[in-house]
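Keep in mind that the numbers below use all heavy atoms, side chains included, and drop hydrogens, waters and symmetry copies.
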Amino acid sequence: ARSLRRQMRAWRRDRADTTIYEQLSEAYIWVFTIVLVGASAISAMVQTRVSIASTCTTSTCDDARTSLVWATAAGMIAIALAAARAVGPVMVTPATGAWLLTTPVDRGPLLRSRLMAATTVATLACGAWVAVIGLLAGFDYGAIAVLAAVTALAGGAVTALAASWQARDGRPTRRLAMALALVTAAWLLLVALDAEPSTSSTWLEEPVGWAL
């Protein structure tokens, strides 16, 4: 497998049409844009958090705001499963599929890095999105960190599970994604009907939260 990857890498490098300088220039633009947009977004979110906290003073509003964060956590895990089901937890290029996966070698070394990449993307996406919603909902920073970490790990874990469930035609992936989607929809319906149960986020900063 290592020899085949080396041959493909050499084949691509021989046909590269971009210099290192051009790649570094593009990377600089991307980094500068991400830092600039990220700083603006964080500033806007913090100001929105303060605005929401000053206007949402009733217990009903506070319960709805907190409930949306829990629904977001469940929804992000469902989205990770749905993406793994629709796209596949391990993506390969047509060249890899035609040249490498058809060779009589162990596929593990060929696909392991791609599975790690998909798992990392799912982990970061789930954690970041829940952290943003928790910030806007007015959670304490410690609770945001714990809930984002839990959701991130769960998103990465279900992506890895989706890969192992491919041997069973992905049926467990579809069932779990559907169950989480139904739970999220039901929770949002309760919020819309102003019938959501009273929830709290303070326990997340306690030992039970970190243990979870």
Legend entry - CG on Leu212 to CG on Leu153, rounded to 0.5 Å: 9.5 Å
Legend entry - Co-membership, hydrophobic cluster, residues Leu204 and Ile144, 4.5 Å side-chain: yes
Inset, instruction - Say whether Ile79 and Val130 are linked into one hydrophobic cluster, either directly or through other cluster members, by side-chain heavy-atom distances under 4.5 angstrom. - result: yes
Legend entry - Thr66 vs Phe139 side-chain heavy atoms within contact, under 4.5 Å: yes
Legend entry - Shortest non-hydrogen contact between Leu81 and Thr173, atoms and distance: O-CG2, 3.6 Å
Legend entry - Interatomic spacing from CG in Leu188 to CG in Leu193 - rounded to 0.5 Å: 11.0 Å
Legend entry - Leu147 reachable from Leu136 in the ILVMFWY side-chain graph, under 4.5 Å edges: yes
Legend entry - From OG1 (Thr151) to CH2 (Trp70), nearest 0.5 Å: 8.0 Å
Legend entry - Residue pair Thr72 / Thr184, side-chain heavy-atom distance below 4.5 Å: no
Legend entry - Donor-acceptor pair, side chain of Ser164 and main chain of Leu161, under 3.5 angstrom: yes
Legend entry - Closest non-hydrogen atom pair, Leu180 against Ala78: CB-CB, 3.7 Å
Inset, instruction - Find the distance between CG (Asp140) and CG (Leu135) and round it off to the nearest 0.5 Å. - result: 11.5 Å
Inset, instruction - Is it possible for you to say whether Val150 and Met76 belong to one hydrophobic cluster, with membership spreading through side-chain heavy-atom contacts below 4.5 Å? - result: yes
Inset, instruction - Following the transitive rule for hydrophobic clusters with a side-chain heavy-atom cut-off under 4.5 Å over Ile, Leu, Val, Met, Phe, Trp and Tyr, establish whether Val132 and Val35 coincide in one cluster. - result: no
Inset, instruction - Over all heavy atoms of both residues, which pair between Thr119 and Gly156 is shortest? Give the atoms and the distance, please. - result: CG2-O, 3.4 Å
Inset, instruction - Please report the shortest heavy-atom distance between Ala80 and Cys126, naming the atom on each side. - result: CB-SG, 4.2 Å
Legend entry - Closest non-hydrogen atom pair between Gly209 and Val146, with its separation: O-CG1, 3.4 Å
Inset, instruction - Taking all heavy atoms of Arg85 and all of Arg174, pick out the closest pair and write down the distance. - result: NH2-NH1, 2.7 Å
Inset, instruction - Please indicate whether Trp165 has more than 12 foreign heavy atoms, meaning atoms of other residues, nucleotides or ligands, lying under 6.0 Å from its CH2. - result: yes
